[in-house]
Enquirer: 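Quick one: structure below, then a few questions.
Keep in mind that what you see is a predicted model, and the values were worked out from it rather than measured.
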Amino acid sequence: SFDVNRQLIASYVWELPKFTSLGFFGRNVIGGWGSSGILTLRSGFPYSIFSGLDYSYSGIGSDRADLVGNPNLSGGRSKGAQLAEWFNTAAFAFNAPGTFGNSGRDILRGPGLETFDLSMSKSFPLRFGHFAETQKLDFRAEAFNLFNHANFRNPDNTITDPTFGQILQTAK
């Protein structure tokens with residue numbers, strides 16, 4: 001249930017040059033900034049489809065549904081349509097009495113994750129006091145999920161729920 005089969009995490013640190021040819025403005029305002037960032041791209045987590053009924057009569061209540069069709073839907077749908085029905089809910093039915101259901105464990109995948117975190121920083125020298133040569137004032141600004149990309153959790157995976165197949169929560 002925690003398998004991530006595709007993941008890319010890339011980071012960078014870049015110190016921008018000081019533009020000494022532009023005088024005070026180039027040296028102290030636009031030059032000398034540092035930038036760092038982290039890009040995270042990850043596929044979704046797998047999940048199973050449960051019937052929500054104890055037709056196996058095991059007393060556990062975690063019977064999987066029967067797979068009766070193709071659970072995949074076309075990928076060219078709008079974001080709203082995907083959130084309303086992430087997979088083909090008609091492809092699943094209640095398991096037959098006395099069985100545990102024929103759909104496999106973790107046969108579907110939820111939505112992936114995409115984030116970009118950015119940091120900008122600059123050190124300003126403080127030219128007074130006893131330690132004037134070593135004192136600095138650091139300014140730092142950070143933005144997490146800079147492009148505000150919505151990342152979602154897995155859809156509701158229990159047939160008896162009225163929101164079966166819908167994505168109702170965002171991921172952190």
Enquirer: Ignoring hydrogens, what is the shortest heavy-atom contact between Ser48 and Gly104? Give both atom names and the distance.
Expert: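 So the two residues come closest at OG-O, 4.2 Å.
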Enquirer: How many angstroms lie between CZ in Phe50 and CG in Asp161, if you round to the nearest 0.5 Å?
Expert: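 Answer for the CZ-CG pair, Phe50 versus Asp161, is 11.5 Å.
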Enquirer: With sequence neighbours left out, write down each residue that passes side-chain hydrogen bond (donor to acceptor under 3.5 Å, both in side chains) with Thr160, or none if nothing qualifies.
Expert: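 side-chain hydrogen bond (donor to acceptor under 3.5 Å, both in side chains) check on Thr160 returns nothing, list empty.
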Enquirer: Do Leu8 and Thr40 have side-chain heavy atoms sitting under 4.5 Å apart?
Expert: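 In short, these two side chains do not touch, never coming nearer than 4.5 Å.
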Enquirer: Tell me, which pairs form a salt bridge (charged side-chain N to carboxylate O under 4.0 Å, His left out) where one or both residues lie in residues 104-126, sequence neighbours left out?
Expert: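 Only Asp3-Arg109 qualify under salt bridge (charged side-chain N to carboxylate O under 4.0 Å, His left out).
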Enquirer: Are any of the side-chain heavy atoms of Ile49 and Tyr47 separated by less than 4.5 Å?
Expert: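 When only atoms from C-beta onward are counted, Tyr47 and Ile49 do touch, with a gap below 4.5 Å.
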Enquirer: Which residues pass the salt bridge (Lys or Arg N to Asp or Glu O under 4.0 Å) test with Arg6, not counting sequence neighbours?
Expert: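 Arg6: no salt bridge (Lys or Arg N to Asp or Glu O under 4.0 Å) contacts found.
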Enquirer: Could you work out the complete set of other residues in the hydrophobic cluster of Ile9, with links drawn between I, L, V, M, F, W and Y side chains under 4.5 Å apart?
Expert: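 So far as hydrophobic clustering goes, Ile9 is joined with Ile38.
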Enquirer: Strictly by ring-ring contact (aromatic ring centres under 6.0 Å, His included), give each pair with a member in residues 145-167 just once, sequence neighbours left out.
Expert: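 The answer is Phe87-Phe164, Phe116-Phe147.
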Enquirer: Would you say that Phe100 contacts Ser62 through its side chain, given a criterion of any heavy-atom pair below 4.5 Å between the two side chains?
Expert: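 Heavy-atom side-chain distance check fails, nothing below 4.5 Å.
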Enquirer: Does Ala171 have any side chain to side chain contact (heavy atoms under 4.5 Å, CB included) partners at least two apart in sequence or in another chain, and if so, which?
Expert: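 Counting only residues at least two positions away or on another chain, Ala171 forms a side chain to side chain contact (heavy atoms under 4.5 Å, CB included) with Asn151, Arg153.
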Enquirer: For residues 135-143, run the donor-acceptor check on the side chains, cut-off 3.5 Å, and write out each pair with its distance to 0.1 Å, sequence neighbours left out.
Expert:
from	atom 1	to	atom 2	distance (Å)
Asp138	OD1	Ser123	OG	2.5
Arg140	NE	Glu142	OE2	2.8
Arg140	NH2	Ser119	OG	3.1
Arg140	NH2	Glu142	OE2	3.3

Enquirer: Hey, are the side chains of Asp66 and Phe92 touching, using non-hydrogen atoms and a 4.5 Å cut-off?
Expert: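 No; the side chains remain at least 4.5 Å from each other.
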Enquirer: Measuring from atom CZ of Arg77 to atom CG of Leu83, what distance do you get when rounded to the nearest 0.5 angstrom?
Expert: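 Nearest 0.5 Å value for the CZ-CG distance: 9.0 Å.
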Enquirer: Given the rule that I, L, V, M, F, W and Y join up when any side-chain heavy atoms are under 4.5 Å apart, are Ile107 and Phe94 in one cluster?
Expert: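 Ile107 and Phe94: one cluster.
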Enquirer: Under the side-chain hydrogen bond (donor to acceptor under 3.5 Å, both in side chains) test, which residues partner Ser43, sequence neighbours left out?
Expert: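 For Ser43 the side-chain hydrogen bond (donor to acceptor under 3.5 Å, both in side chains) partners, ignoring immediate neighbours, are Asn5.
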Enquirer: Under the 4.5 Å side-chain heavy-atom rule for ILVMFWY, direct or indirect, which residues accompany Leu113?
Expert: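 None; Leu113 is a cluster of one.
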Enquirer: Which pairs with one or both residues in residues 52-82 pass ring-ring contact (aromatic ring centres under 6.0 Å, His included), sequence neighbours excluded?
Expert: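 Sorted result for residues 52-82: empty, none.
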Enquirer: Among residues two or more places apart or on two chains, list those pairs meeting side-chain hydrogen bond (donor to acceptor under 3.5 Å, both in side chains) that have a residue in residues 8-17.
Expert: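 Residue pairs passing side-chain hydrogen bond (donor to acceptor under 3.5 Å, both in side chains), neighbours aside: Tyr12-Ser35.
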Enquirer: Side chains of Phe144 and Thr115, heavy atoms from C-beta outward: is any pair under 4.5 Å?
Expert: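 Not touching, per the 4.5 Å side-chain cut-off.
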Enquirer: Within the 4.5 Å heavy-atom criterion, are Phe45 and Val4 side-chain neighbours or not?
Expert: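 Heavy-atom side-chain distance check passes, below 4.5 Å.
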Enquirer: For Pro46 and Asn154, which heavy atoms make the closest approach, and how far apart are they?
Expert: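 Answer, listing the atom of Pro46 first, then Asn154: O-ND2, 3.8 Å.
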Enquirer: Taking side-chain hydrogen bond (donor to acceptor under 3.5 Å, both in side chains) as the cut-off, I'd like each qualifying pair that reaches into residues 83-97, sequence neighbours left out, listed once.
Expert: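 Residue pairs with at least one partner in residues 83-97: Ser51-Asn95, Asp63-Asn95, Glu85-Thr89.
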Enquirer: When you compare the side chain of Pro111 with that of Ile167, does any pair of heavy atoms fall below 4.5 Å?
Expert: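 Yes. Closest side-chain heavy atoms under 4.5 Å.
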